[in-house]
J.: 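Okay, handing you the structure first.
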Amino acid sequence: MAKHGLRVIAIAYLFFLLVLPVGLIIWRTFGDGLGPFTEALTSASAVHAFQVTLTVALWAVAANTVFGIGTAILLVRHSFPGKRLLNALIDLPMAVSPVVVGLALILVYGKFAPVGGLLESWGVQVIFSTPGMVLATVFVALPLVVRAVVPVLEELGDEQEQAAHTLGASPLQTFLRITLPGIRWALAYGVVLCLARSLGEYGAVAVVSGRLVDQTQTLTLFVEERFQNFDQPAAFAAATALALIAVITLLLTKLLRPKG
């Protein structure tokens, strides 16, 4: 009896918190047919928002993939002073509010900050442009690849890598032929999670982007801007597109999740 009661509570909780709100968005999106949905997503502003979102997400995923692999190998295969501190700092983005991250980036890379002012003198604008949005997205998605790869590296051990070194393989050859094949599914899982987090980021990007329409507006910012301007068809269409991306990402993570 208790088991059935808990099941009903769990289903009701998910229904009212997740299924019903998302279902209403989808219903409102397609209430007048497919035409308004297609028209909204093919407008110049929506297409530009898609392009900005993909640009920022791909750069963030590339940076976090390189950092994630290197850091995972460093944490698992090496001992050094400050290892515990580094391990703790990697999880910092999970505890810090994205809005705080955006504000911190402005204080460092803003036009009137020392670092930002120097970059501005070199013709590089960080805040209120794509580089700042990429930095913010990199920060919020930082731990995902690392935390996906570390357990698999620990499980693999280093016996095969040591044997490859003994046989004369270079570090690069060892990584490409031994390490990378061993972590490929965990890496793919982490990359997909990182991509999903990057595509859906709002808080930090909203602060550093300036929310400039048709310039620094991602798809999440497009949804907010269109809704506040009473363009509900465009807002619902973009929100539905984000929801579909989330569903596809969820399916991919289930397929790529490391066994055990």
Side-chain angles (χ1 to χ4, degrees), residues 56-57 59-109 113-116 126 131-166 169-205 207-208 249 253 256-260:
V56 171
W59 276 109
V61 169
N64 277 333
T65 299
V66 174
F67 172 83
I69 294 173
T71 305
I73 293 174
L74 182 65
L75 290 174
V76 176
R77 296 288 186 255
H78 302 279
S79 297
F80 54 91
K83 180 177 179 178
R84 290 185 178 180
L85 178 61
L86 175 61
N87 197 27
L89 287 176
I90 289 171
D91 293 325
L92 185 63
M94 306 298 291
V96 177
S97 169
V99 175
V100 175
V101 173
L103 178 60
L105 289 174
I106 289 179
L107 293 177
V108 175
Y109 297 104
V115 177
V126 177
M133 299 165 69
V134 171
L135 284 176
T137 307
V138 166
F139 186 94
V140 298
L142 187 71
L144 298 176
V145 175
V146 179
R147 294 311 177 201
V149 173
V150 163
V152 178
L153 272 178
E154 291 175 339
E155 185 179 352
L156 286 175
D158 62 349
E159 291 81 5
Q160 295 184 42
E161 295 175 3
Q162 291 180 0
H165 287 309
T166 302
S170 67
L172 179 60
Q173 290 175 324
T174 302
F175 172 75
L176 292 177
R177 297 183 181 181
I178 304 296
T179 308
L180 188 58
I183 64 172
R184 64 184 183 277
W185 293 115
L187 178 61
Y189 175 68
V191 167
V192 170
L193 286 179
C194 184
L195 179 61
R197 185 71 179 86
S198 300
L199 289 172
E201 173 53 26
Y202 172 81
V205 169
V207 175
V208 301
T249 303
T253 55
L256 297 173
R257 183 187 296 273
K259 301 297 186 293

J.: With the side chain counted from C-beta on, respond yes when I69 and I73 share a heavy-atom pair under 4.5 Å apart, and no when they do not.
T.: yes
J.: Is the backbone of L74 close enough, under 3.5 Å, to the side chain of K83 for a donor and an acceptor to pair up by distance?
T.: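 No, K83 side chain to L74 backbone: no donor-acceptor pair under 3.5 Å.
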J.: Nearest heavy-atom pair of A169 and Q173: which atoms, and what distance?
T.: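 What the structure gives for the nearest pair is CA-OE1, 3.5 Å.
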J.: Search all heavy atoms of M133 against all heavy atoms of T137 and return the closest pair with its distance.
T.: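 Shortest heavy-atom separation between M133 and T137 comes out as O-OG1, 2.8 Å.
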J.: List the atom of H165, the atom of P171, and the distance in Å for their closest heavy-atom pair.
T.: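 Minimum heavy-atom contact is CE1-CA, 4.1 Å.
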J.: If every non-hydrogen atom of A204 is compared with every non-hydrogen atom of V140, which pair is closest and at what distance?
T.: CB-CG1, 4.2 Å
J.: Quick one: salt bridge (Lys or Arg N to Asp or Glu O under 4.0 Å) partners of R77, sequence neighbours excluded?
T.: E161
J.: When you compare the side chain of L75 with that of I90, does any pair of heavy atoms fall below 4.5 Å?
T.: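 Yes, at least one pair of side-chain atoms sits under 4.5 Å.
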J.: Return the minimal non-hydrogen interatomic distance between P181 and F175, and the atom names on each side.
T.: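 So the two residues come closest at CD-O, 4.1 Å.
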J.: CD of Q160: more than 12 outside heavy atoms within 6.0 angstrom?
T.: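 No.
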J.: Do the non-hydrogen side-chain atoms of V208 and Y109 ever get within less than 4.5 Å of each other?
T.: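 Not touching, per the 4.5 Å side-chain cut-off.
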J.: Heavy-atom distance under 4.5 Å between the side chains of R197 and C194, does that happen here?
T.: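 R197 does not reach C194 side chain to side chain.
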J.: Any heavy-atom pair between the side chains of L153 and T179 that's under 4.5 Å?
T.: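 A side-chain contact under 4.5 Å exists here.
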J.: Identify the two heavy atoms, one from G132 and one from L105, that lie closest to each other, and give their separation to 0.1 Å.
T.: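 In terms of heavy atoms, the two residues are closest at O-CD1, 4.3 Å.
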J.: Out of D91, L92, N64, which one pairs with L142 under the side-chain contact (heavy atoms from CB on, under 4.5 Å) rule?
T.: N64
J.: Quick one, L156 and I183 - any side-chain contact, counting heavy atoms below 4.5 Å?
T.: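 Yes. Closest side-chain heavy atoms under 4.5 Å.
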J.: Side chains of V138 and F67: closer than 4.5 Å at any heavy-atom pair?
T.: no
J.: Atom CZ of R147 and atom OG1 of T71: how far apart are they, to the nearest 0.5 Å?
T.: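 If I round to the nearest 0.5 Å, the distance is 9.5 Å.
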J.: Between F80 and L86, is there a side-chain heavy-atom distance shorter than 4.5 Å?
T.: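 In contact.
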